Amino acid sequence: MTASPPSPDEAARPLRAAARELADVAVVLREASVHATAALADGSVLGALPRAPAVGGRAHRALLRAVTDRGGLGHAVAGGRLGTLGARLGGMAGAESLAVRVMTTSLRLRITAVTLENPELAEDPMVRRLNEAVAADRDIESARALCALVRDRGAARALTAIAPIFGEILALRALLDQNPLNDNTAWLIASGVRTASADPITGLSNRAIAVLDVGEGAARRADPSPAEAALLSGGGSLLDFLANLAAIGPTGRALVQAVRGPDGVERYVVQAPGMKIGKPDDESPGDLLGAFSSTLLDSAPYSRSLVRAIDDFGVPAGAEIALIGHSAGGAAIMSLAQDPAFCARYTVTHAVAVGSPVDFKRPASPHTWVASVTNQHDIIPSLDGQGAGTCFDLHPGWYVVDYTDPTHLFPACHSVEHYAANLAHDLPEARAEIDRNLEPYRGRVTRSQVYRLYDRPPYPDGFPFLTVPTHQVETAGGPVELPVRCHEGGVLTAYFAADAEAAAELLGAAAPGRPVQVGGRALVAIHAFENRRTSLGGYREVDLGVVVHDPWRPRPLQIWRDIFRPAEHRRSGTRFVDTVLSTDAACAAAREIWGHAAGTAPLYVRVGGRSARVAAGTPDDVIMTLHGPLGPWFPTMDRDLVVYSHRDGTALRSCVESWGRGRAHPLPRARLTAGTSDHPLARHLRDLGLDGARPLLCLTAPAHQTRRGAGVPVLTG
Amino acid sequence: MPADSTALLAHAHTLGADADALAECAVRLRDLAARLRAHDAAPPWLYETMNAHITACVVASTDLAEAAARMRNYADLVR
């Protein structure tokens, strides 16, 4: 009878053990190098030379030989200032030490072991070419092999192909290249001592980036959308928790739930999703910077904000908590599990990290049951330096599921949905084991709360510009808080030269009624507001106004000086002639509070970008459009607007105060079209001769805040 | 005993211990190479590499032992 061949895992095991032993030997060699360098650089050794120059000189030469002998320790200057400098110079010259050579052999054995377990790595000629070039320290060939791989497969498939040996390839490259800055992090990856503290390609310190992520952490209750709420699970299994993480998604939020276990005891589950998609550094602790800091630091804003959420949820001291996290959320919950103060306050019974770089996290309590689930083709868990190829048993007490599946394209295989599907269909034993351990939490969810997490406590909404005293007035459209406050909005103002007589006729006899003129033509403005979030709800607004002089003392020669004054000192203004709004509530406020000739109509206003996109009316009944490129611009402050209007025969003056960055477009190429509609705005534009006109100047503010108080009656007589 | 001599002796002691540790490393590597030789999955390049490492460890151990001895002599003279 012949013995069956060993499984790939069994065949790889001795190679991993050998890699581990080689790494240990490399560490001993490096320590010896550090000691010899320290002796060589010691001032007292040099200082004693005059007392025994011949013997001292021989001792020095012996030391020098020990740290430079190519047949022995190699270029082994290491440790301390002199050692660091010498190592860097040696690294730049391509001189290697015996310690590095032995560590390189360890890494190559690790790659061999992973290749045995993932035969596709050996079968893939392009990966094999890269692997061989890296191991042979052929820089140009390595770069060519990587470029060929990316060109042939695309970045995602190339990363997927090398994911199981990603850390080893980076460490090998870093140990063997001529960049001395990445040697330390390569050593950390290869020796498994600590988390990789720098980018293994450039040597740029990850810790330096991580410490930029500052803040005490904060959490505010946030209601999930109805669709999200419907997806939140009421059960307490691993798949339920992963479904919850998928439901709230990587949006900078977290979920805390109370669960009544089978024994009737209420326990708590904290669920932390992965990195927030969007800006690398915003107010969320789960952004890219937060993912770095959660992985590298013991305590970071993400974990601190989770503590705030747990506090707010009212988890009693001593209560049992299970922590579940995906990706950066897994690193954050492990930071909580290793925080002695947190663990003294609560009983952290379980920590489950899915697709997370948590190899160097250690729970503070030996009673915390830890599970780590990682797909070998997911690069994210290996960002701390240890991936599928690791030869170190970094956490013997953990339940580790490190698997590979046939559909493992990165980054798709990193998603929580993919992990949930793998656990549901491909890893039933692992799922059952984790669920068995989570048994105390398998009960009815009695309370759920989603939290939005912040690096630091957020400002009150609208602070400081919109935190002003308010009062309420009644209108036909319902109560309106004044000033009307727009938290998120944009505006486009287009100035035109219009027929002066038509403008004067439009204003009539009522004051202020003298139009400002430019070259004998009246200055007329179209204001298009995209008010995305206001105290009146979201709405859009288009106004036609004529720029008018100081109602009391028109000064045509000094008008420009007045126009550029701050609004509180400005006497000239814009008299609104027509106002079109998209909602009834905003229309009622415009009519009843400011006395505008306002009506509702379908409006499209898009502010931002390089072109104007404004349309009022329907395709069958077009009131006006303002479309086209806005041309070059220069930055300016968003300008306050002084508005004159009439209500019940009284002239009112009001201000639209703005806060935001603006742009001035001195050469706009957009064109205004007056529709054929019988709407007053269309009619007035035609009367003013503006159909087909191009603006003289456009001002835009894509993101601003505004507030508009009640109109103040002004005496004009 | 003057401070210089104490420092020299400390270095000599450390270097001597490191020389022993490296000799032990050479033995470990030799055992490892022997174990891997019986393993089918071991890559063919491994044996030559291991032999080079073993030789280098022995040479490095000798270098350090000599440095330790010379440092000890040096310490005796400056005492």
Side-chain angles (χ1 to χ4, degrees), chain A residues 5-6 8 10-12 14-15 17-18 21-22 24-26 28-29 31-36 38-40 42-45 47-49 51-52 54-74 76 98 101-102 104-105 108-109 111-113 115-116 135, chain B residues 2-8 10-22 24-29 31-33 35-36 38-46 49-50 52-79:
Chain A
E10 285 167 354
L15 298 186
E21 197 156 355
L22 281 164
D24 289 346
V25 168
V28 173
L29 290 166
E31 279 173 9
S33 305
V34 170
H35 294 155
L40 193 64
D42 190 343
S44 60
V45 178
L49 258 181
R51 286 149 65 187
V55 175
R58 280 195 286 275
H60 259 106
R61 280 196 295 280
L63 274 175
L64 199 57
R65 178 178 167 73
V67 293
T68 57
D69 185 357
R70 284 187 179 186
L73 281 177
L98 176 59
R101 289 203 298 270
V102 173
T104 301
T105 307
R108 291 177 73 189
L109 270 184
I111 291 173
T112 307
T115 308
L116 280 174
Chain B
D4 286 352
S5 175
T6 311
L8 296 181
H11 284 308
H13 178 74
T14 306
L15 290 166
D18 285 340
D20 292 345
L22 263 57
E24 200 178 306
C25 284
V27 173
R28 280 175 74 182
L29 290 176
D31 291 348
L32 184 59
R35 281 206 307 276
L36 289 173
H39 187 52
D40 291 340
W45 51 262
L46 188 63
T49 309
M50 291 290 280
H53 292 339
I54 293 163
T55 309
C57 273
V58 171
V59 172
S61 172
T62 311
D63 287 345
L64 287 175
E66 186 183 343
R70 292 198 181 280
M71 197 64 87
R72 227 171 276 122
N73 286 345
Y74 186 24
D76 288 343
L77 276 179
V78 298
R79 189 177 292 174

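All chains are named by letter (A, B, ...) in the order of the sequence lines, taking the proteins before the strands, and each is independently numbered beginning at 1. These numbers were taken from a predicted model, which means no experiment stands behind them.
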The interface call for B:Arg35 against chain A, heavy-atom contacts under 4.5 Å, is side chain
Before you tell me yes or no, could you show the steps for B:Asn73 and A:Arg58 under side-chain contact (heavy atoms from CB on, under 4.5 Å), namely the whole-Å CA-CA distance, both residues' side-chain angles and the distance that decides it to 0.1 Å? CA-CA 10 Å; B:Asn73 286 345; A:Arg58 280 195 286 275; over 6 Å; no
Counting heavy-atom pairs under 4.5 Å with chain B, the top scorer among A:Ala38, A:Gly72, A:Ala62, A:Gly74 is A:Gly72
Within a 6.0 Å radius of atom NE2 on B:His39, are there more than 12 heavy atoms belonging to other residues, nucleotides or ligands? yes
Which answer fits A:Thr112, side chain, backbone, both or neither, if we ask what part of it has an atom under 4.5 Å from a heavy atom of chain B? side chain
Interface check, chain A: of B:Ala69, B:Ala67, B:Ala21, B:Ala10, most non-hydrogen pairs under 4.5 Å belong to B:Ala67
Looking at A:Arg65, A:Arg61, A:His35, A:Arg70, which one has more heavy-atom pairs under 4.5 Å with chain B than the rest? A:His35
Please report, to 0.1 Å, the donor-acceptor pairs under 3.5 Å made by any side chain of residues 55-63 of chain B, with sequence neighbours excluded.
from    : atom 1 : to      : atom 2 : distance (Å)
B:Thr55 : OG1    : B:Asn51 : O      : 2.8
B:Ser61 : OG     : B:Ala19 : O      : 2.7
B:Thr62 : OG1    : B:Val58 : O      : 2.8

For residues A:Ala36 and B:Leu64, report the shortest heavy-atom separation together with the two atoms involved. CB-CD2, 4.1 Å
NE2 on B:His11 to CG on A:Leu63, rounded to 0.5 Å: 8.5 Å
If I measure from the heavy atoms of chain B, does A:Leu98 come under 4.5 Å with its side chain, its backbone, both, or neither? side chain
Below 4.5 Å, heavy atoms only, C-beta onward: do B:His53 and A:Val25 meet side chain to side chain? no
B:Arg70: partners by salt bridge (Lys or Arg N to Asp or Glu O under 4.0 Å), with sequence neighbours left out: B:Glu66
For the residue pair B:Trp45 and A:Leu109, what are the closest heavy atoms and their distance? CH2-N, 4.2 Å
Residues A:Leu15 and B:Ala42: closest non-hydrogen pair is CD2-CA, 4.0 Å
Note: B:Asp18 and A:Glu31 closest approach over all heavy atoms is OD2-O, 4.4 Å
What is the distance from atom CG of B:Leu36 to atom CD of A:Glu21, rounded to the nearest 0.5 Å? 9.0 Å
So, taking the atom named CG in B:Leu29 and the one named OG1 in A:Thr105, what distance separates them when rounded to the nearest 0.5 Å? 9.0 Å
Would a 4.5 Å heavy-atom cut-off, applied to side chains only, mark A:Leu73 and B:Leu22 as touching? yes
For A:Ala39 versus B:Met71, what's the shortest heavy-atom pair and its separation? CB-CE, 4.3 Å
